[in-house]
Amino acid sequence: MIDFKNSAFQVTLLLSVLWMGHSTCVVDSDAAGKCYDDHNHAIDGSSFVESTKMSKRMCAQICSDKGHVYAAVEDGNQCFCGSIAPPSGKEIDIKECDKKCPGNESETCGGYWAMQSYTYKCSGTPEPIPPSPPPPMPPYPITQPCSRLPLKGTSVCDHTAATEDRINALIDIIPADSIPGLFSDKSTGVPSLNIPFYNWWSEALHGVSRCPYPQANNTDRNPPKCCARQADGKYKCPTSFPAGITTSTSFNKTLFKAIGTTVGTEARAMSNAGIAGLTFWTPNINIFRDPRWGRGQETPGEDPTLNADYAEGFVSGFQTGEDDKYLKASSCCKHYAAYNLEKWNGVTRHDFNAVVTEQDLADTYFPAFQSCANRGNASGIMCSYNAVNGVPSCASKELLNENLREKWGFNGYITSDCGAVGNVQNDHHYTNTSDDTCALTLSAGMDNDCGGYFGGDPTAGSEPGGKLAQAIADGSVTKGTWTTALQNLFRVQMRLGMFDPDDVVPYRNVGLDQVDTPNAQALALEAARQGMVLVKNDENRLPLDRSSTTSVAVVGPNANATETMQSNYHGTAPFLISPVEGIAAYVKNVTYAEGCSIANNNTNLFPPALAAVGAADVAVVVVGLDGSQESEGHDRYTIVLPGAQAELIDAAASKSSKPIVLVVMSGGPVDLSREKTNPKIGAILIVGYPGQAGGQAIAETLFGDNNPSGKLTQTWYPAEYVNQCSMFDMNM
């Protein structure tokens, strides 16, 4: 799913002011066929609208009304507008933009993380754009259900009473027509009871990264992502820690918990500031089974025990604090179960059936989630897109109710991944009707539908009610079934203090002064330090001698990386220290040259890079991957260094008078067989995606102020692996 403006609340506000659009909008045929990878947000997105009636013409109407030149559609129902051509999007095969437009199924509206950008011409008398409902009341904590009538003074708001009694009392008084809208990630709330709209989907994978609400009284049209504006007008932005695959190489359980603690505190602060919810879908604890997987970078790696330790540490730190009665913030472990494929050989995560033996499930794929449930005491679990042995995860009673709740003691809510409920019927073809789909997923143990299948989500332009309303009305979903799901959802909200007075919930006092603190900055740096993995050091090439090193050439496509160091699912970092910047703190004479891009085979940039290498005392070549090569929705087909990177390494090694130092920045493995045996390469340092202080940690390691103690948490295979093993093979 696109993660740009991230605001259902904001989308509603935006739609409500788009009164008119031109009656005649013509899409330019020569531009309509271009498809772009959108993991780096290919268009500026100053206008963003989501609608279940989306078409290219509707998007053109919206963009024309806002004064933009370019329109872009994505994921079937999303419209982006911009005034310049896609600046950062890599053009990809048009086949990736294969989702039909719901408002005109004869055309396509982009794809998963794939954006169709086009120009258009509009003229004629303006006509109304499809209306949306009025905006919902402001979210919690601005709106607090128990602060006024009709709930104020009732047993629902008695914070000294038993939680289960309060939950049941609340469910008893919710009007029947408000029930169906409470099971969406964009919960409609209960206006008659002063229960506000609530977006269950916030993110904090290795730092707060998805904040679905616009900050009240902030008139800035494009605030930095997940940053909250202070009274002085300055922004506070969340700490950007290393990716999970980097932190895990420390094998340091204390570090896992410390990071979880800091991220959880900053998550609560962003919620108190009004830009995020209190339910964060983090961490990703799937097994990094195959090196080609695009999301392996988010995980701790391929070892079940390590992943289980990571889950326990991060979750317990994230959720707990000074008061055991309340959750500081809610952690939701994902993606359960056996999820580790995006799109490969014509099969996507939405229709993949993972065939797994009982032993492999028990030994490999379950331990991290079991730990998440009963050691970390997570309050949320996400069921995955894929099926396991023929049964979609979100429709599996065995996975959800029997394993999670009955065997492992899980006592939280279960959300689907976004669109997974629709996948049950439309991609896995496990059910035939919407009644069956609603009934089967809820009775299996799922409580929350991310993606809008159930309906009743006004912010996505759907009609009131929807599929779930129909299933409840005709008896397919029984009162007992939906009551259990509501109990699970409200239980988490009450544990978060959303129905209690401010003065009894200590975490309501967590302010922006607890975001990006000196301690948080020091922790992010320490995590990056512990994530450094030295895999080659011939003749003690490292550490570099500061007294004799007067000049350094820093070359390669990741030599000046900043955002790349944040991996995916990241917010706006308070600062980013690139490798070049870090090394420049040690040596005055530093020359930077890109040498080549990540994936292009063009060698035109070689000459300045090689000239710098030849003139320097030391050459540091920084290569690897980025979001264009590994990401959500995108698996690799090879594990060699893409583009001309290997050629650049060889050329630099030959040009340098001394063995070069190779730094590899990537989440997934790449084949380094040639580099390990090349005597002209003296050292190889694998740094993962090291976060905001990555460049400093790299430089400290190169010059001996940090001892690289990390150990790889996944196997780095030779390139031939991809010809020997199928990504569909789940056997361990």
Side-chain angles (χ1 to χ4, degrees), residues 1-19 41 43-51 62-63 65-68 77-82 129 131-144 184-189 191 195-204 207-238 266-281 329 418 450 452 457-461 498 508 510-512 515 569-572:
M1 302 289 286
I2 187 68
D3 188 23
F4 200 86
K5 280 300 178 185
N6 295 330
S7 177
F9 187 62
Q10 183 169 4
V11 168
T12 301
L13 293 175
L14 183 58
L15 281 171
S16 68
V17 299
L18 292 176
W19 295 294
H41 314 307
I43 203 166
D44 67 20
S46 55
S47 296
F48 165 48
V49 172
E50 220 174 359
S51 175
I62 293 167
C63 295
D65 185 66
K66 300 297 290 182
H68 294 292
N77 64 348
Q78 298 171 347
C79 172
F80 294 82
C81 306
I129 285 174
S132 67
M137 70 181 76
Y140 177 88
I142 298 172
T143 298
Q144 296 182 315
S184 168
D185 62 302
K186 299 166 187 172
S187 170
T188 54
I195 297 176
F197 166 95
Y198 181 70
N199 195 317
W200 286 83
W201 182 10
S202 294
E203 295 275 3
V208 180
S209 60
R210 187 180 197 274
C211 302
Y213 301 117
Q215 189 175 8
N217 302 318
N218 186 356
T219 58
D220 192 342
R221 202 174 162 201
N222 288 298
K225 183 181 178 185
C226 278
C227 299
R229 196 169 193 170
Q230 304 174 103
D232 61 3
K234 296 179 181 179
Y235 283 97
K236 262 300 184 77
C237 299
E266 294 191 352
R268 172 60 85 153
M270 292 306 181
S271 179
N272 288 344
I275 67 172
L278 281 171
T279 45
F280 291 81
W281 294 353
C418 298
C450 179
D457 175 11
T459 66
M498 293 173 67
R508 282 291 288 118
V510 177
L512 294 177
V515 175
Y569 279 89
H570 64 80
T572 304

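These values consider heavy atoms only, across backbone and side chains, with no hydrogens, waters or symmetry-generated copies.
The two atoms that bring Val510 and Asn272 nearest to each other are O-ND2, 2.8 Å, heavy atoms only. In plain terms, the two heavy atoms of Cys227 and Thr572 that are nearest each other are SG-CB, 3.6 Å. Taking all atoms of both residues into account, the shortest heavy-atom contact from Pro238 to Val515 is CA-CG1, 3.9 Å. Taking both residues in full, the closest heavy atoms of Gln215 and Arg229 are given as OE1-N, 2.7 Å, listed atom of the first, atom of the second, then distance. Residues Ala269 and Leu512 come closest through the heavy atom pair O-CD2, 4.2 Å.
Judged by distance alone, with hydrogens and angles left aside, the side-chain atoms of Ser202 form no donor-acceptor pair with the main-chain N or O of Cys211 at under 3.5 Å. Listed for the Lys186 side chain is no donor-acceptor partner under 3.5 Å among the backbone atoms of Gly452.
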Inset, instruction - Would you check, one step at a time, whether the test disulfide bond (SG atoms under 2.5 Å apart) holds for Cys226 with Cys237? - result: CA-CA 7 Å; Cys226 278; Cys237 299; over 6 Å; no

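Ring geometry for Tyr213 versus Phe197: interplanar angle over 60°, hence perpendicular rather than tilted (30 to 60°).
Atom CZ of residue Arg508 and atom CE of residue Met498 lie 10.5 Å apart, to the nearest 0.5 angstrom. Asn199 contributes atom CG, which lies 7.5 Å from atom OG1 of Thr279 (distance to the nearest 0.5 angstrom). Rounded to the nearest 0.5 angstrom, Lys236 NZ and Met270 CE are separated by 8.0 Å. The CG atom of Asn218 sits 11.5 Å away from atom CD of Gln230, with the distance rounded to the nearest 0.5 Å.
When side chains are defined from C-beta on, Tyr235 counts as touching Asp220, because their heavy atoms get closer than 4.5 Å. Between Trp200 and Cys450 there is no side-chain heavy-atom pair separated by less than 4.5 Å.
When the options Trp281, Trp201, Tyr569, Phe280 are evaluated for a side-chain contact (heavy atoms from CB on, under 4.5 Å) with Arg210, the one that passes is Trp201.
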